[in-house]
Amino acid sequence: MTLFEELKARDLIAQMTHEDEIENMLNNDKVTFYIGFDPTADSLHVGHFLQLVVMSRFQKAGHKPICLLGGGTTMVGDPTGKTDMRKIMTQQDIMHNAECFKKQMCRLVDFSDDKAIMVNNADWLLELNYIDFLRNVGVHFSVNRMLTAECFKSRMENGLSFLEFNYMLMQSYDFLVLSRKYGCMLQMGGNDQWSNIISGADLIRRVDQKPALGMTFTLLTTSEGKKMGKTEKGAVWLDPEKTSPFEFFQYWRNVADNDVIRCMKLLTFVPLSEIAEMEKLEGSALNGVKERLATEITTMVHGEEEAAKALEAGRALFGAGSAAGSAPTTALAGADFENGAIGILDLLVKTGLAPSKGEARRLIQQGGVFVGDDKIDDVMKSFTPQDIGEREFIIRKGKKSFHKVTL
RNA sequence: GGGAGCGUUCCCGAGUGGCCAAAGGGGGCAGACUGUAAAUCUGUUGUCAGUGACUUCGGUGGUUCGAAUCCACCCGCUCCCA
């Protein structure tokens, strides 16, 4: 099966500029392609992960990825899909974020022996001269056409600053630069980037009369159309400091039945033949598939060892077994005890299981708090250091939140 | 530059002097049901203390016994005209 066929079979492809040309090229040439990532946060998230996995697929098929960090474009801010203007970020933050991105990317894409290139568009965007840029690049863009672009639609109601309006030109210019410098012929990205990608391809064809192609990938959404990778706490991050490997694993372990196969196809390297077998499963049998999904993805991001630990921890907590190693842990100090004991309310707040005492109280009143296997129904219940020290002290909130307490 | 509006608790959105910690919806959390799924139903959703206190309605001052609600100025945003 060729790379192109596999992409199709996995439902990865959303849109392409020139389907036949792309297929032909991928089959017969070594293609240099690029995907851009704007460092708007200090860690990559699940959305980026999909792109990086795709990059890796291409790389394994012999093509050459360019990883573009948007150190320059982030100074402007991509308005795509945003309803409000993003806060303007300082250059310092952007640089810091870019460094964080780099480290994480190296896990998923092989940069050794020049097998992939990492560039930062700050290197060419920051020094641009306004008038020159307008005359050389700006002439090729029609405001009329831009305004009809899908990516600005959501902003036509809430307002769009001129700053952000220029984002499309910046990204198009990036493609032009990479085309000239590295012979990059293909830009890819999430489907929300379609407008930006085709405008770049148009620019190259217009200015240099060179071939330029674009392809976008399916956005990672649930069967209900919601974006995946978000939890109540915010994004699911690849940085273990921001989302622990255990939480990360649990996120995938808990995807809805209807989304498992889709995630398998989009995010893992599990062969399609195997996935086809999984597709036949129904009901609780899908739990096995979910474990596999979580293990596969966690392994890619955090390594085999962490994935195994997370799997074990989850099984222990949700199965019949006792307690777990990698549940979050809080150590108490002597100062946490008043008159030799700590109240359950304080304990819940201390461990972060409840944001406030009021909420902690509510949780208990509604019967959602357990210590070990015992349900706590008294809000005044308190524990001494002996209580906590003598056994594994696990507090559970609801069914899925566990916290270990030690001295 | 001229004119008209808007800014409410996590989000949307009611509220136009006391009955407002503030309707309703969404989301979240918990319970029941379950398969660590979905759907459904129930409860809950400012903080601290058990019927009370404190902080909140863009910011700062003011009017009033009393303001999210009135006034002034400031900040931010939207729309119309140029």
Side-chain angles (χ1 to χ4, degrees), chain A residues 79 82-88 152 154-164 221-228 230-236 244-264 278-279 281-295 297-298 307 310-321 323-324 326-328 338 343-346 348-371 375-382 394-403:
Chain A
K82 308 267 182 318
T83 49
D84 300 302
M85 184 164 163
R86 189 188 280 273
K87 203 179 156 207
I88 293 183
F152 295 124
S154 62
R155 288 305 213 85
M156 297 318 285
E157 289 174 15
N158 298 314
L160 174 70
S161 68
F162 185 67
L163 174 77
E164 296 170 286
T221 54
T222 66
S223 53
E224 285 155 6
K226 288 183 191 152
K227 263 191 201 166
M228 285 195 75
K230 293 262 192 247
T231 67
E232 69 284 358
K233 289 176 199 152
V236 175
S244 73
F246 178 73
E247 288 173 274
F248 187 82
F249 183 96
Q250 284 299 319
Y251 179 81
W252 299 108
R253 175 60 248 263
N254 280 316
V255 298
D257 286 10
N258 293 334
D259 299 328
V260 198
I261 297 299
R262 182 185 171 73
C263 287
M264 274 287 186
M278 297 173 184
E279 219 161 343
L281 300 173
E282 282 182 358
S284 56
L286 282 171
N287 280 333
V289 182
K290 290 182 191 178
E291 275 189 353
R292 176 75 188 277
L293 175 72
T295 305
I297 298 181
T298 309
L311 175 65
E312 271 315 301
R315 281 186 176 166
L317 284 169
F318 293 103
S326 69
E338 235 175 284
I344 182 68
L345 295 181
D346 288 317
L348 284 166
V349 174
K350 190 87 190 165
T351 56
L353 287 172
S356 69
K357 282 188 167 191
E359 180 139 353
R361 181 183 297 270
R362 239 174 274 127
L363 279 167
I364 293 171
Q365 285 165 348
Q366 296 188 81
V369 177
F370 296 78
V371 169
K375 188 197 254 187
I376 303 295
D377 43 21
D378 178 9
V379 295
M380 297 315 284
K381 176 96 176 164
S382 61
I394 303 278
I395 303 188
R396 175 158 70 86
K397 179 189 87 165
K399 296 190 175 85
K400 295 182 199 166
S401 305
F402 297 82
H403 205 100

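Naming: A, B, ... by sequence-line order, numbering from 1 per chain. Bear in mind that the values here come from a model prediction, so they are computed numbers and not experimental data.
Atom NZ in A:K290 sits about 8 Å away from atom C1' in B:rA38, given to the nearest Å. In this structure, the NZ atom of A:K375 is 8 Å from the C1' atom of B:rG31, given to the nearest Å. As rounded to whole Å, 11 Å separates atom P of B:rA49 from atom CD of A:E338. Distance CG (A:L353) to P (B:rA30): 10 Å, rounded to an integer number of Å. With rounding to whole Å, A:E359 atom CD is found 22 Å from B:rA21 atom P. When rounded to the nearest whole Å, the span between CZ of A:R362 and C1' of B:rG28 equals 11 Å. If you measure from atom CG of A:L348 to atom P of B:rC29, you get 16 Å, rounded to the nearest angstrom. The nearest whole Å value for the distance from the CZ atom in A:R262 to the C1' atom in B:rA38 is 16 Å.
Nucleic acid contact for A:G398: sugar-phosphate only, since backbone atoms but no base atoms lie under 4.0 Å from a heavy atom of the residue.
Checked by atom type and distance alone, the side chain of A:H403 pairs as donor or acceptor with a backbone atom of A:T351 at under 3.5 Å. Looking at A:D259, its side chain never comes within 3.5 Å of a backbone N or O of A:V255 through a donor-acceptor pair.
For the side chain to side chain contact (heavy atoms under 4.5 Å, CB included) test, residues two or more places apart in sequence or in another chain that qualify with A:K381 are A:I344, A:I376, A:D378, A:F383. Listed by chain and residue number, nothing satisfies the side-chain hydrogen bond (donor to acceptor under 3.5 Å, both in side chains) test with A:Q366 (two or more places apart in sequence, or in another chain). The side chain to side chain contact (heavy atoms under 4.5 Å, CB included) check on A:L286 picks up A:D257, A:L281, A:V289, with sequence neighbours excluded. Under the salt bridge (charged side-chain N to carboxylate O under 4.0 Å, His left out) criterion, A:R292 pairs with A:E274, A:E296, not counting sequence neighbours. Every residue meeting the salt bridge (charged side-chain N to carboxylate O under 4.0 Å, His left out) condition with A:K350, not counting sequence neighbours, appears here in chain and number order: A:D336. With sequence neighbours left out, the side-chain hydrogen bond (donor to acceptor under 3.5 Å, both in side chains) criterion links A:N287 to A:R253. When the salt bridge (charged side-chain N to carboxylate O under 4.0 Å, His left out) test is applied to A:E279, no partner is found at least two apart in sequence or on another chain.
Separating the C1' atom of B:rG46 from that of B:rU55 is a span of 8 Å, rounded to the nearest Å. Using atom P as the reference point in both B:rG5 and B:rC10, the two lie 29 Å apart (nearest Å). B:rC73 and B:rG3 are spaced 13 Å apart, taking the P atom of each and rounding to whole Å. One C1' atom belongs to B:rG28, the other to B:rA67, and the distance between them is 31 Å to the nearest Å. With C1' as the reference atom, B:rU34 and B:rU40 are 12 Å apart, rounded to whole Å. B:rA30 and B:rG15 are spaced 34 Å apart, taking the P atom of each and rounding to whole Å. For the C1' atoms, the distance linking B:rU69 with B:rU63 amounts to 14 Å, nearest Å. Rounded to a whole angstrom, the distance from the C1' atom of B:rU16 to that of B:rC6 is 15 Å.
Annotation: of the two residues near RNA chain B, A:S284 and A:G368, the 5′-most nearest-nucleotide partner is A:G368. Between A:G367 and A:E291, it is A:G367 whose nearest contact on RNA chain B lies nearer the 5' terminus.
Comparing atom distances between the A:R253 side chain and each of B:rC48, B:rU36, B:rG35 picks out B:rU36 as nearest. Of the candidate nucleotides B:rA30, B:rU45, B:rG35, B:rA30 has the atom nearest to the side chain of A:L363.
Contact of A:Q366 with B:rG43 (side chain to base): a donor-acceptor pair of N or O atoms is detected under 3.5 Å. A donor-acceptor contact under 3.5 angstrom links the side-chain atoms of A:Q250 to the base of B:rU36.
Between A:K399 and B:rA32, a side-chain N or O to OP1/OP2 separation shorter than 4.0 Å is present. Residue A:K397 has no polar side-chain atom (N or O) positioned under 4.0 Å from OP1 or OP2 of B:rC29. Taking only side-chain nitrogens and oxygens, A:S356 comes nearer than 4.0 Å to OP1 or OP2 of B:rC48.
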Secondary structure of RNA chain B per the Watson-Crick/G-U criterion (both distances under 3.5 Å; [ ] crossing, | other strand, . unpaired) is (((((((..(((.....[.....)))((((((.......))))))(((...)))...(((((..]....)))))))))))).
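Considering only heavy atoms from C-beta on, A:T295 comes within 4.5 Å of A:F249 through its side chain.
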Taking N or O atoms only and anything under 3.5 Å, show me the protein contacts with nucleotides 50-56 of chain B, one pair per line.
from: B:rG50; atom 1: N2; to: A:R361; atom 2: NH1; distance (Å): 3.2

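Side-chain contact of A:S356 with A:E359: a donor-acceptor pair under 3.5 Å is absent, judged by distance alone.
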